[in-house]
Amino acid sequence: MSATLLELRAVTAGYGDVVVLHEISFSAREGSVTALIGSNGAGKTTTMRCVAGLLRPDNGTIAWRGGVINALSASERVELGISLVPEGRLIFPDFTVEENLSIGAFNPRAKPNRNRRRDEMYGLFPRLRERRGQHAGTMSGGEQQMLALARGLMAEPKLLLLDEPSLGLAPSIISQLFDIVDTVRRMGVTIVIVEQNVHRTLQIADYVYVLENGQIVIHGDAQSCAENPNIKQAYLGLY
Ligand SMILES: Nc1ncnc2c1ncn2[C@@H]1O[C@H](COP(=O)(O)OP(=O)(O)OP(=O)(O)O)[C@@H](O)[C@H]1O
Ligand SMILES: [Mg+2]
């Protein structure tokens, strides 16, 4: 079995006096796809923000290859290999596709390989090559999501955090997106994905955690989760 790349141990976090995550523990093995599912407001984005270093836990530890990284800043975590593709894409609308991609390689580790990496991204996302000179804000929702994903990959991540990549996309684009996520995993990148599209996510994930009200209530391999009656009822619309 592969080594544990990321591990959260009893992480408690929130905003001001409001506690959102209550002692959550989860881990991601090297080379795997780990899914985090749960209803709106469960704390999924908050969890991703803690891993990326955008929010400091009040308690608990975040470990990377066994070493505690709580004290590292967001940019130090990018340098380690942690890259977040945030919910809602957050690309720079007035910059071109090419400029958005270049910004993704701002970290010292990725910067020297920027041009080669960008060509790789154009190979993976041919539409972005066609649109390289276009302002990102004028692209379609699906194209913008592909750009956000490609920009995340420009940082040469070892761990890619995807927060609801399929949100708002048409079914045919969602299908392409999941195919690309699978390709990225085969490139050797470990993935933690937050998704509302549970059916499709269970097909690509190795391991699944269910977050409810800031607590992990179910976890297991994807197949056992797909057969779990509570998950079927709450997240797959099956009875
Ligand atoms: N900056 C903030 N300040 C205060 N409360 C916040 C902040 N961000 C999130 N929250 C609250 O934390 C809780 C968890 O939010 P979070 O964004 O982590 O949920 P989520 O599981 O990602 O939901 P969704 O599926 O809707 O994206 C919510 O009740 C939310 O209102
Ligand atoms: Mg969210």
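In what follows, every heavy atom counts, from backbone to side chain, and hydrogens, waters and symmetry copies are set aside. First listed ligand is number 1; within each ligand, the first listed atom is number 1.
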Tell me: protein heavy atom nearest atom 29 (O) of ligand 1, and distance?
-> G41 O, 4.2 Å
What do you think, any protein heavy atom under 4.0 angstrom from atom 31 (O) of ligand 1?
-> no
Does ligand 1 have any atom sitting under 4.0 Å from a heavy atom of M48?
-> no
May I ask you to identify the nearest protein heavy atom to atom 6 (C) of ligand 1, giving residue, atom name and distance to one decimal place in Å?
-> Y15 CD1, 3.2 Å
Just one of D163, L211, T47, I37 clears the side chain to side chain contact (heavy atoms under 4.5 Å, CB included) bar with V194, so which one?
-> D163
Among all protein heavy atoms, pick the one closest to atom 25 (O) of ligand 1 and tell me residue, atom and distance.
-> K44 NZ, 2.7 Å
Write out the residue and atom name of the closest protein heavy atom to atom 27 (O) of ligand 1, then the distance separating them to 0.1 Å.
-> E87 OE2, 2.8 Å
Is the closest heavy-atom distance from Q196 to ligand 1 below 4.0 Å?
-> yes
Who's the nearest protein heavy-atom neighbour of atom 16 (P) of ligand 1, and how far?
-> T46 OG1, 3.6 Å
Shared hydrophobic cluster for V85 and L101 (ILVMFWY, side-chain gaps under 4.5 Å) = yes
Which heavy atom of the protein is the closest neighbour of atom 26 (O) of ligand 1, given with residue, atom name and distance?
-> N40 ND2, 3.0 Å
Quick one: nearest non-hydrogen protein atom to atom 12 (O) of ligand 1, plus distance?
-> V20 CG2, 3.3 Å
